[in-house]
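Notes follow once the structure below has been shown.
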Amino acid sequence: QVQLRESGGGSVQAGGSLRLSCAASGAASARNTMTWFRQSPGKEREGVACFAGVGRTYYRDSVQGRFTISQDIAKNTVDLQMFNLKPEDSAIYYCAFTTQPIRNYNWRGPENYNDWGQGTQVTVSS
């Protein structure tokens with residue numbers, strides 16, 4: 001059984017920073033592919049950043065250069081450091097786990113992930 005627990009969400013002003021953390025337990029491990037998604041009201045869930053292994057990280061274009069995904073083996077977490085936040089980054093952020101092969105062409109698809117955390121709210125005000 002897989003357990004994923006997100007933390008670190010909150011409210012910040014535009015230009016601010018937040019760090020999200022996804023703790024994996026049970027059958028999940030931070031060594032597996034872990035991806036952060038987000039979803040705002042009325043919109044599709046979208047992939048934000050993916051950690052598929054050392055040297056294999058993927059980002060959506062709109063967060064490239066502002067967000068960094070990293071793995072902490074000791075804590076068994078995958079973290080998302082977010083800088084220069086914008087109002088359009090506001091959403092519920094979810095971490096997702098998969099045992100499927102993930103590459104640059106399929107990491108964004110929610111259908112490729114087996115398990116999900118409960119989400120954490122990020123609100124960025126202008």
Side-chain angles (χ1 to χ4, degrees):
Q1 190 174 1
V2 171
Q3 292 91 40
L4 302 172
R5 182 180 295 268
E6 302 96 337
S7 61
S11 297
V12 296
Q13 291 192 325
S17 302
L18 283 173
R19 187 178 183 90
L20 306 183
S21 185
C22 177
S25 60
S29 167
R31 296 180 186 275
N32 295 113
T33 296
M34 303 277 278
T35 295
W36 283 94
F37 286 81
R38 66 187 181 190
Q39 188 169 22
S40 51
K43 293 189 177 181
E44 300 281 328
R45 189 167 295 193
E46 59 185 25
V48 176
C50 172
F51 188 96
V54 176
R56 291 202 298 129
T57 55
Y58 310 118
Y59 297 91
R60 69 180 301 104
D61 289 347
S62 63
V63 307
Q64 184 78 44
R66 299 190 297 122
F67 291 11
T68 301
I69 191 169
S70 61
Q71 174 194 60
D72 188 326
I73 294 296
K75 296 180 180 179
N76 207 26
T77 63
V78 174
D79 299 336
L80 185 68
Q81 178 69 57
M82 306 185 292
F83 294 106
N84 191 21
L85 283 160
K86 303 177 180 181
E88 52 264 40
D89 295 318
S90 297
I92 299 175
Y93 282 69
Y94 301 88
C95 64
F97 162 84
T98 184
T99 55
Q100 298 184 40
I102 291 294
R103 299 292 184 268
N104 187 40
Y105 58 82
N106 69 346
W107 72 270
R108 295 174 183 83
E111 67 277 7
N112 296 316
Y113 294 81
N114 308 103
D115 297 275
W116 296 81
Q118 80 289 350
T120 185
Q121 178 72 50
V122 171
T123 303
V124 185
S125 58
S126 58

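By the rule that hydrophobic residues join a cluster once side-chain heavy atoms approach within less than 4.5 Å of another member, Phe97 and Leu80 end up as members of one cluster. Hydrophobic clustering (ILVMFWY, side-chain heavy atoms < 4.5 Å, transitive): Met82 and Trp36 are in one cluster.
Of all non-hydrogen atoms in Leu4 and Met34, the two that sit nearest each other are CD2-CE, 3.6 Å. Nearest heavy atoms, Pro87 versus Ser126: CG-CB, 3.8 Å. Contact record, Thr98 with Asn112: OG1-O, 2.6 Å, taken as the closest heavy-atom pair.
Between Trp116 and Phe37, a ring centre-to-centre spacing shorter than 6.0 Å is recorded.
Arg103 pairs by the side-chain contact (heavy atoms from CB on, under 4.5 Å) definition with Arg56, Pro101, Tyr105, Asn106, not counting sequence neighbours. Under the side-chain contact (heavy atoms from CB on, under 4.5 Å) criterion, Ala23 pairs with Thr77, sequence neighbours left out. For Tyr93, the ring-ring contact (aromatic ring centres under 6.0 Å, His included) criterion is met by no residue, not counting sequence neighbours. The disulfide bond (SG atoms under 2.5 Å apart) test applied to Cys50 returns no partner, not counting sequence neighbours. Annotation: side-chain contact (heavy atoms from CB on, under 4.5 Å) contacts of Ser7 (sequence neighbours excluded): Ser21.
The neighbour count for Glu44 CD, taken as heavy atoms of other residues, nucleotides or ligands under 6.0 Å away, does not exceed 12.
Between Glu46 and Arg38 there is a salt bridge, since a side-chain N of the basic residue sits under 4.0 Å from a carboxylate O of the acidic one.
From Arg108, atom CZ reaches atom OH of Tyr58 across 10.0 Å, with rounding to the nearest 0.5 Å. If you take CZ on Phe67 and CZ on Phe83, they are separated by 10.5 Å, rounding to the nearest 0.5 Å. The distance from atom OG1 of Thr68 to atom CZ of Phe51, rounded to the nearest 0.5 Å, is 12.0 Å. The distance from atom OH of Tyr59 to atom CD1 of Ile69, rounded to the nearest 0.5 Å, is 6.5 Å. Taken to the nearest 0.5 Å, the CD atom of Gln71 stands 10.0 Å off from the OG1 atom of Thr33. Going from atom CG of Asn114 over to atom CD of Gln100 covers 5.5 Å, rounded to the nearest 0.5 Å.
Side-chain contact annotation: Thr120 with Glu6, donor-acceptor N/O pair under 3.5 Å absent.
Of the possible donor and acceptor atoms, one in the side chain of Tyr113 sits under 3.5 Å from a partner among the backbone N and O of Trp107.
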Which donor-acceptor pairs under 3.5 Å do the side chains of residues 11-20 make with protein atoms, sequence neighbours left out?
{"residue": "Arg19", "atom": "NH1", "partner": "Gln81", "partner atom": "OE1", "Å": "3.0"}
{"residue": "Arg19", "atom": "NH2", "partner": "Asp79", "partner atom": "OD2", "Å": "3.3"}

